[in-house]
2 protein chains.
Amino acid sequence: MADGASPEIGTRRERARADTVREIRETARRVLVTSGPEGLALRAIAREMGLSAPALYRYFPSREDLVEQLVADLYDELSDHLEAARDAVRPPRPGAQLLAAARAFRHWATTHHAEFGLLFGSAAQGVVSGDVAEGPAELAGRRFGGVFAALMAQVYLEQPFPVPADGELTPELQEQLEAWCAKLPVALPLGVMSVFLSCWIRLYGMVCMEVFGHLRFALADPEPMFESEMRRVASELGIVEDCSPPS
Amino acid sequence: MADGASPEIGTRRERARADTVREIRETARRVLVTSGPEGLALRAIAREMGLSAPALYRYFPSREDLVEQLVADLYDELSDHLEAARDAVRPPRPGAQLLAAARAFRHWATTHHAEFGLLFGSAAQGVVSGDVAEGPAELAGRRFGGVFAALMAQVYLEQPFPVPADGELTPELQEQLEAWCAKLPVALPLGVMSVFLSCWIRLYGMVCMEVFGHLRFALADPEPMFESEMRRVASELGIVEDCSPPS
DNA sequence: AGAGTGAGTGAACAGCGTTAGCTAACGCCG
DNA sequence: CGGCGTTAGCTAACGCTGTTCACTCACTCT
């Protein structure tokens, strides 16, 4: 999807190279799921595809770059998953679609622990890097976030839900939200942005806690709590459609 | 605090050993902050205290156990920090204390990135381990959670806030919450437990996203958003006290 | 005083990311 | 078709990691 180059382009060598790069990414993906984020070693990837480790340096300048490419691939895969769930909703009302995407997010996370850990855990570049690295991972991450943002906007535009007026927000928060809004394609009331962030925080928090095991102190099976949270969020957004999960 | 043994106890050797263990833990802590979670190497710890790496195996059976001990220490330190913030609130109304603890949590997280990453990131044992390991880290983690749980209970007992009735909860969720409630010292309505979890999810989600950099796509400075979230949560809990941060 | 225990050591193993230097095959151009 | 430059891949090596083994030395207890 992001690498949508027709296979007939470029010289023979360039095609072979592109194939190898693709194979490396697929193999890395496979090693990730079988060995976990900690076992994602260059040598393991090379071994898996019958290469020596230094050979990979012909294709990626360092392990970090390879991992970043993998992160981008995973974000894309996750985005595809969300969009598929969104588009499968009949009738296509934005509210139901938003809930479907949220459930798809949790489903993907719980069935792809290693991948989720790589994307959203602290192992990513997140902990320390101060400036916003404009790599492919960042780009793919934006696409992922955009899926939820677009749905949220549609929900609001179709049927506005109660939102704090600009005056109710702290001046500091207004400033932050305005700066963000300026980077977005469509302008929405600042209150909508704050509600979107709030909802996203709840979804992220819930799923992260479940996958990282920080909910086991209370719940053996977090799904009912997840559904409860979704219901609360949905009611805050004025979503009145059938909220029962598709199961 | 957790290791409250008087210094006069045990034989000479036992005291020396306890001192060394303590020194190892302190050194590990120091290495963690200077080199990050990835740089927390046995050899680095040993080097820092003029030892060879294998010497540490006299005190900890593996690096994993040392890290677990460190996690427990950090949980204790964080709990102390929260309790100090809680106890500094005058007058000591539970609502204001809960807010103070939440702010102290964020403050500790943002000023202790490496430590927070070790406690709450995916690098911990959380991603894979299926069963609940009853190590010292788990115990210290429970103490940490207990600070918030106790405050929440006090807030409710002093002035009950609106809470879903048992009948409004899914049977599955009721079951989960009852199982949890059975492990707790005091029994509270299931609705309170669900609201507590919901609030904790929001706090955890907000702080995790900020520290792990998953909020930079929107906010350069997440503090105003954090305060906004706290205000929302507080109003849900019927907390009407002065909500302004102490700054 | 002699035995035993335990702390600490260096050497070693397997694995990691990464670099350097080499070989051999490939594609292109005259 | 012959030669040349590019490039994929290799091995060897460096420094790092966690961990084990065999050993020494000092301290403790009988």
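Chain naming here is simple, since letters A, B, ... match the order of the sequence lines and numbering starts at 1 in each.
Toward the 5' end of DNA chain D, the nearer of the two residues B:Leu40 and B:Thr11, judged by each one's closest nucleotide, is B:Leu40. Closest-nucleotide positions on DNA chain C for A:Ala44 and B:Gly50 were compared, and the one nearer the 5' end corresponds to B:Gly50. Taking the nucleotide of DNA chain D with the nearest heavy atom to each of B:Pro54 and A:Ala53, the more 5' of the two is matched to A:Ala53.
The existence of a salt bridge linking A:Asp221 and A:Arg216 is excluded, since no basic side-chain nitrogen approaches an acidic carboxylate oxygen closer than 4.0 Å.
Looking at heavy-atom distances under 4.0 Å, B:Tyr59 makes contact with sugar-phosphate atoms alone, never a base. Using a 4.0 Å heavy-atom cutoff across all strands shown, A:Ala55 reaches sugar-phosphate atoms only and no base atom. Using a 4.0 Å heavy-atom cutoff across all strands shown, B:Arg58 reaches at least one base atom of the nucleic acid. Within 4.0 Å of B:Tyr57, counting heavy atoms only, lies at least one base atom of the nucleic acid. Nucleic acid contact class of A:Arg43 (heavy atoms, under 4.0 Å, all strands): base.
A:His214 and A:Phe212 have perpendicular rings, their planes meeting at more than 60° on a 0 to 90° scale where under 30° would count as parallel.
Aromatic ring centres of A:Phe226 and A:Phe105: separated by at least 6.0 Å. In this structure, B:Phe144 has its ring center no closer than 6.0 Å to that of A:Phe217.
Counting to the nearest Å, the P atom of D:dC27 and the CZ atom of B:Arg17 are 17 Å from each other. D:dT17 atom C1' lies 9 Å from atom CZ of B:Arg63, rounded to whole Å. Between the C1' atom of D:dT19 and the CZ atom of B:Phe60 lies a distance of 16 Å, rounded to the nearest Å.
Exactly one of A:Thr20, A:Thr27, A:Leu42 qualifies for a side-chain contact (heavy atoms from CB on, under 4.5 Å) with A:Leu56. That residue is A:Leu42.
Boundaries of the chain A contact region on DNA chain C are C:dC16 to C:dG27, first to last in 5' to 3' order (nucleotide atom under 4.0 Å from a heavy atom).
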Distance-only donor-acceptor hits, side chain of residues 196-208 of chain A, under 3.5 Å, sequence neighbours excluded:
unit_1: A:Ser198; atom_1: OG; unit_2: B:Arg202; atom_2: NH2; d: 3.4
unit_1: A:Ser198; atom_1: OG; unit_2: B:Glu229; atom_2: OE2; d: 2.6
unit_1: A:Arg202; atom_1: NE; unit_2: A:Glu229; atom_2: OE1; d: 3.3
unit_1: A:Arg202; atom_1: NH1; unit_2: A:Glu236; atom_2: OE2; d: 3.2
unit_1: A:Arg202; atom_1: NH2; unit_2: B:Ser198; atom_2: OG; d: 3.4

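With hydrogens and angles left out, the side-chain atoms of A:Asp76 and A:Ser79 include no donor and acceptor closer than 3.5 Å.
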